[in-house]
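Presented below is the structure to which this report refers.
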Amino acid sequence: MKIIKEGTPTEKDNELLLRCARLATEAMEAGNHPFAALLADREGRVLLSQGNRFSEGGSVMHAETLLVFEAVKRYSAEFLSTCTLYTSVEPCAMCTGALYWSGITRLVFGLCERDLLAMTGANEENPTFDLSSVEVLSRGQREIEVYGPTDDEALRQRIAADHRSYWSR
């Protein structure tokens, strides 16, 4: 695969990442892990949003994978190829695989997987991979743009605060 662009999110991307952060807080307040994702079209209009649902099925109920499952039911592969998946934290290998197979061609995330690992440690509810989405995607054949982590420090701290709070329980 060729990652045609890799870099930091734009100002508009950061606005949508902030929406993800708010959704992640809502997920946490509902008793789930503080993760969230949303799907936006080429103009940045939010099409779908999803919080983590750990309480409904454990570790496979990640926000990104649940969102992608709904997206492929609602939209054509051609349309999805013009969309962006936004995630509060870099998607794990499972969620990155779901993104890859859906045909979505752009990924934007707030915090990186390695930062998450530093916050969760060996918590059995989140056995985090030390494997970046770029590493996973580089093994495929599709061209996918990856933007993250954000360089907006306030946004990074906003996302991290929920994780520090949740994983220190």
Side-chain angles (χ1 to χ4, degrees), residues 5-57 59-76 79-92 94-100 102-117 119-120 126 128 132-134 137 144-167:
K5 189 154 189 178
E6 199 179 340
T8 56
T10 66
E11 187 174 327
K12 177 63 176 172
D13 290 334
N14 284 332
E15 290 173 19
L16 292 170
L17 286 173
L18 179 58
R19 287 181 70 172
C20 282
R22 291 179 180 137
L23 288 166
T25 299
E26 290 173 14
M28 181 176 69
E29 290 170 349
N32 292 293
H33 297 166
F35 297 97
L38 60 83
L39 181 71
D41 68 11
R42 162 178 309 176
E43 286 76 37
R45 289 184 295 253
V46 176
L47 305 170
L48 297 170
S49 61
Q50 179 67 57
N52 182 281
R53 289 202 173 151
F54 181 84
S55 65
E56 295 178 25
S59 291
V60 297
M61 301 298 279
H62 291 194
E64 301 91 338
T65 296
L66 294 171
L67 183 138
V68 168
F69 286 168
E70 186 61 31
V72 298
K73 289 184 215 173
R74 290 189 188 195
Y75 303 107
S76 70
F79 178 72
L80 288 173
S81 73
T82 68
C83 293
T84 300
L85 177 68
Y86 290 87
T87 68
S88 54
V89 177
E90 183 175 18
C92 71
M94 174 182 73
C95 294
T96 301
L99 165 102
Y100 175 83
S102 74
I104 296 168
T105 58
R106 188 167 185 268
L107 168 64
V108 179
F109 60 88
L111 291 181
C112 69
E113 183 80 359
R114 189 160 282 170
D115 289 341
L116 177 65
L117 179 59
M119 287 182 265
T120 62
N126 195 48
T128 304
S132 74
S133 56
V134 169
L137 293 169
I144 298 174
E145 298 180 24
V146 178
Y147 297 88
T150 182
D151 59 0
D152 180 325
E153 189 58 30
L155 179 55
R156 289 171 53 84
Q157 291 304 317
R158 164 75 173 76
I159 296 167
D162 282 345
H163 285 279
R164 283 189 196 98
S165 171
Y166 186 88
W167 301 107

**Request:** Determine the minimum heavy-atom distance between Ile104 and Cys83, stating which atoms define it.
**Result:** CG2-O, 3.5 Å

**Asked** With sequence neighbours left out, what residues match Arg22 under side-chain hydrogen bond (donor to acceptor under 3.5 Å, both in side chains)?
**Response** none

**Prompt:** Do other residues, nucleotides or ligands put more than 12 heavy atoms under 6.0 Å from the CZ atom of Arg156?
**Reply:** yes

**Prompt:** What closest approach, in Å, do Ala27 and Gly51 show between heavy atoms, and which atom pair accounts for it?
**Reply:** CB-CA, 4.2 Å

**Asked** Considering all heavy atoms of both residues, which atom of Glu90 and which atom of Val134 are nearest to each other, and what is their separation?
**Response** OE2-N, 4.2 Å

**Request:** Considering non-hydrogen atoms only, spot the tightest contact between Cys112 and Val89 and give its length.
**Result:** O-CG1, 4.3 Å

**Asked** Rounded to the nearest 0.5 Å, how far does CG of Asp13 lie from CG of Leu18?
**Response** 12.5 Å

**Complete:** So CZ of Arg158 and NE2 of His163: to nearest 0.5 Å the spacing works out to 10.0 Å

**Message:** If I take atom OG1 from residue Thr10 and atom CD from residue Glu15, how far apart are they, to the nearest 0.5 angstrom?
**Reply:** 8.0 Å

**Request:** Just say parallel, tilted or perpendicular for the rings of Phe79 and Tyr75, cut-offs at 30° and 60°.
**Result:** tilted

**Asked** What distance do Asn52 atom CG and His33 atom NE2 have between them, rounded to the nearest 0.5 Å?
**Response** 6.0 Å

**Asked** Who passes side-chain hydrogen bond (donor to acceptor under 3.5 Å, both in side chains) against Thr8, sequence neighbours left out?
**Response** none

**Prompt:** If you take all heavy atoms of Asn32 and Tyr166, which pair is closest and at what distance?
**Reply:** O-CE1, 3.6 Å

**Item:** Backbone N/O of Pro91 and side chain of Thr96: donor-acceptor pair under 3.5 Å
**Value:** yes

**Request:** Measure the acute angle between the ring planes of Phe35 and His62, then classify it against the limits of 30° and 60° as parallel, tilted or perpendicular.
**Result:** parallel

**Distance, nearest 0.5 Å, that separates CG of Leu48 from CG of Leu38** = 9.0 Å

**Asked** So, does Thr25 use its side chain to make a donor-acceptor pair with the main chain of Ala21 at under 3.5 Å?
**Response** yes

**Item:** Distance-minimising heavy-atom pair for Ala24 and Ser88
**Value:** CB-OG, 4.2 Å

**salt bridge (Lys or Arg N to Asp or Glu O under 4.0 Å) partners for Glu43, two or more places apart** = Arg45

